[in-house]
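A short write-up of the structure that comes next.
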Amino acid sequence: MTGYWQSADEDEAMQNEHVFVWDTMLDSVDTDLAAKRVLDIGCNRGGFLRLLCDRTEIAEGFGYDPASEAVADARRLAGERPLHFETAATVPAGWDGFDVAFSHEALYLIHDIPTHASDVFRALAPGASYYAVMGVHTGSPVLSDWHAAHSAELNMPPLNDIDDVVASFESAGFTAAASRLKVGFIPATGHTPRLLDWLEYYNETKLLLRFTRPLPSMQPH
């Protein structure tokens, strides 16, 4: 376990920079989140669940992350919101029956995707969906150099192929669907020297994956 993914200041800046992607993701999903129990995979400092509480009035939010200090920040920043956070590398024991799950750029950090898929399958209620935004993969040349430069430092596994990720979730029992995440205008601060590359990354290789746990009548025999 680590204190932060990078550092306190860098993790805070990272979450602030992700708000526009979270907005796009929420605009793209076809699930009404009001009064739902939500699982956030790789919650870091809890910013996404706070946004859901404030904008969509979820019933409860549960987030986990291996970065213990980031999780401590998430608990502190939650205030009176119905949010729960744990330091963990996988879905904590006893967390189940979720109506929907989310992750944003978490899948590329997971070393064992098949086990992750099985863990999330068990945590979701029948008929629930897991929405995962993934832009760091073998089909994203913009991020290949970044991944190669930081994989040892951040203990990242080899880049995943999207087809392999989908196959792992289907093997766990999910049905799968995917679309490109079209984010429109993106903040250019900090990315200006390679702005066209970043536009390609956000609008050509950043995907919204939806993995749905079938209802019992829909599961194959």
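No hydrogens, no waters, no symmetry mates; every other heavy atom, side chains included, goes into these values.
- With rounding to the nearest 0.5 Å, the separation of CG in D73 from CG in D65 is 11.0 Å.
- H150 and W146 have tilted rings, their planes meeting at an angle from 30° to 60° on a 0 to 90° scale.
- By the salt bridge (Lys or Arg N to Asp or Glu O under 4.0 Å) test, D30 is found to be paired with R210, residues two or more places apart in sequence or in another chain being considered.
- Using a 4.5 Å cut-off on side-chain heavy atoms (C-beta onward), R45 and E69 make no contact.
- Side-chain contact annotation: S28 with Y131, donor-acceptor N/O pair under 3.5 Å absent.
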Next item on the list: Could you please spell out the steps behind the side chain to side chain donor-acceptor pair (under 3.5 Å) verdict for S68 and T87?
Entry: CA-CA 5 Å; S68 58; T87 302; 5.3 Å; no
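- At least one donor-acceptor pair closer than 3.5 Å links the side chain of R37 to the backbone N or O of D96.
- Checked against the 6.0 Å centroid threshold, Y130 and F174 do not count as a close aromatic pair.
- For H137 against T205, the heavy-atom pair with the smallest separation is NE2-O, 2.6 Å.
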For residues 166-173, run the donor-acceptor check on the side chains, cut-off 3.5 Å, and write out each pair with its distance to 0.1 Å, sequence neighbours left out.
unit_1, atom_1, unit_2, atom_2, d
S168, OG, D164, O, 3.2
S171, OG, A167, O, 3.0

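- When atom types are taken as modelled, the side chain of R213 and the backbone of L124 share a donor-acceptor pair closer than 3.5 angstrom.
- Smallest separation of non-hydrogen atoms from P82 and A59: CG-O, 3.3 Å.
- With sequence neighbours excluded, the residues forming a side-chain contact (heavy atoms from CB on, under 4.5 Å) with H147 are V136, S151, M156, L159, listed by chain and number.
- Residue P92 comes nearest to E86 through the heavy atom pair CG-CB, 4.0 Å, listed as atom of the first residue, atom of the second, then distance.
- No donor-acceptor pair under 3.5 Å is formed between the side chain of H104 and the backbone N or O of G42.
- Looking at D54 and R81, their side chains come closer than 4.5 Å, going by heavy atoms from C-beta outward.
- Put simply, the side chain of L33 does not reach to within 4.5 Å of the side chain of R55, judged on heavy atoms.
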